[in-house]
Protein chains: 2
Amino acid sequence: MKLSARGHYGLIAMAYLAQREDEGTVPLKTIAMAEQIPDQFLEQILFSMRKAGLVTATRGPRGGYKLSRPSDQIKVGEIINALEGAIAPVDCLHSDTDQDCCVKTESCTTKFVWEKLRDTMVDVLDNISLRDIVERGNTLIGELGVKS
Amino acid sequence: MKLSARGHYGLIAMAYLAQREDEGTVPLKTIAMAEQIPDQFLEQILFSMRKAGLVTATRGPRGGYKLSRPSDQIKVGEIINALEGAIAPVDCLHSDTDQDCCVKTESCTTKFVWEKLRDTMVDVLDNISLRDIVERGNTLIGELGVKS
DNA sequence: ATATTCCTGACTAATTTAATCAGGAATAAC
DNA sequence: GTTATTCCTGATTAAATTAGTCAGGAATAT
């Protein structure tokens, strides 16, 4: 039940962009450097973010990435979904019909457990926006002092 | 964010035992056969269950496994915990101090997201017992008719 | 005795994930 | 129009994890 590095890095990068949403574009290398993400790996990740319509990119000198929408309109759920596919603790949750996993055995009495888990996870992630993360970060800094 | 086969099979096997909790011990092979789980793999899994104190085993002819407690006192969370370790979407959630992941970058403003997700997941899984699964299964059978 | 069933570590195979490589295309600055 | 910068994108390799098997042993009921 672990998040992949893709998802982990992805959210960090998006939060980085959110924190600078009023400052125009940010080049990939800047993010990679600041957050210690291998930059060719981050390239893959931001490519996915662009395909998902969550960021826009500009090429050439002074180019880079920025959020495609205000940070309060981008939910963590969308990001993770774009990077890792739909959340589903168990594969057989995908099919609308029970075909795949419930035909042969009676084991699918357990299925509702994973459905409930999935629904709860989706609910949590769809209710946190990038802005929430930025604000939370600012609050922490205010309370505890900046760290670096 | 996928459950491993260990966890998936494990819950199925435990639900199987729960459904027969008044019938004495059930041999591993019976479960493996019924639920289509490779039996040497199931052996590993039930071994873990025993080490975690969730089942008791009897050797020899007419031996087998049974739940070590009434099914309503065994939560899904315990089972998954024993089979996959503590739930933690991101590794740095383990350490009580921030040492591991938050020193170098400001990326840990995202940490609370994973904390919240973890807490919610734990909450869901700790509030479903094996008996809930059995009852749910019986209800479904009553409503929809038995499948096999 | 013997058949049955669990015990347990070591091992192998398959899959997934992380990361790198490579070459290209667009664009701003000069 | 040349150059440096930055994103684009598929292919490939390397590392790690997971799934599953092998092998031999120990306990126990009949």
task: Among A:Val124, A:Ile128, A:Leu3, A:Ile80, find the residue that satisfies the side-chain contact (heavy atoms from CB on, under 4.5 Å) test when tested with B:Val113.
output: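 It is A:Ile128, the one option of A:Val124, A:Ile128, A:Leu3, A:Ile80 that forms the side-chain contact (heavy atoms from CB on, under 4.5 Å) with B:Val113.
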- request: Step through the shown structure and confirm whether more than 12 heavy atoms of other residues, nucleotides or ligands are within 6.0 Å of NZ on A:Lys116.
  value: no
query: Does a sphere of radius 6.0 Å around NZ in A:Lys66 hold more than 12 heavy atoms from other residues, nucleotides or ligands, not counting ones at 6.0 Å or beyond?
result: no
query: With A:Gln73, which residues qualify under side-chain contact (heavy atoms from CB on, under 4.5 Å), at least two apart?
result: A:Arg69, A:Pro70
field: Of all pairs that satisfy salt bridge (Lys or Arg N to Asp or Glu O under 4.0 Å), the ones with a partner from residues 38-50 of chain B, not counting sequence neighbours
entry: none
Measure [atom1]/[X] against [atom2]/[N] and give the value in whole Å, please.
X: A:Arg50; N: D:dT9; atom1: CZ; atom2: C1'; answer: 10 Å
X: A:Lys51; N: D:dC7; atom1: NZ; atom2: C1'; answer: 14 Å
X: B:Phe47; N: D:dC22; atom1: CZ; atom2: P; answer: 20 Å
X: B:Asp91; N: D:dA16; atom1: CG; atom2: C1'; answer: 13 Å
X: B:Ile45; N: D:dT21; atom1: CD1; atom2: C1'; answer: 14 Å
X: B:His8; N: D:dT18; atom1: NE2; atom2: C1'; answer: 15 Å

message: Restricting to side-chain hydrogen bond (donor to acceptor under 3.5 Å, both in side chains), what partner residues turn up for B:Asp132, sequence neighbours left out?
response: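 Testing B:Asp132 for side-chain hydrogen bond (donor to acceptor under 3.5 Å, both in side chains), a comparison that skips the adjacent residues, returns B:Ser129.
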Please tabulate, one pair per line, each protein N/O and nucleotide N/O from nucleotides 15-22 of chain C that are separated by under 3.5 Å, including the distance.
| from | atom 1 | to | atom 2 | distance (Å) |
| --- | --- | --- | --- | --- |
| C:dA18 | OP1 | A:Ala5 | N | 2.4 |
| C:dT20 | O4 | A:Gln44 | NE2 | 2.7 |

Check: B:Val55 and B:Leu17 side chains under 4.5 Å, non-hydrogen atoms: yes
task: Please collect all side chain to side chain donor-acceptor pair (under 3.5 Å) contacts where either partner lies in residues 53-62 of chain B, sequence neighbours excluded, each pair once.
output: none
message: Expected output is a numbered-order residue list: members of residues 53-66 of chain A with a heavy atom under 4.0 Å from any atom of DNA chain C. What is it?
response: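 Within residues 53-66 of chain A, the residues near DNA chain C are A:Arg59, A:Gly60, A:Pro61, A:Arg62.
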- prompt: Base, sugar-phosphate, or nothing: which does B:Leu28 touch, judged by heavy atoms less than 4.0 Å apart?
  reply: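 Contact class for B:Leu28: sugar-phosphate only.
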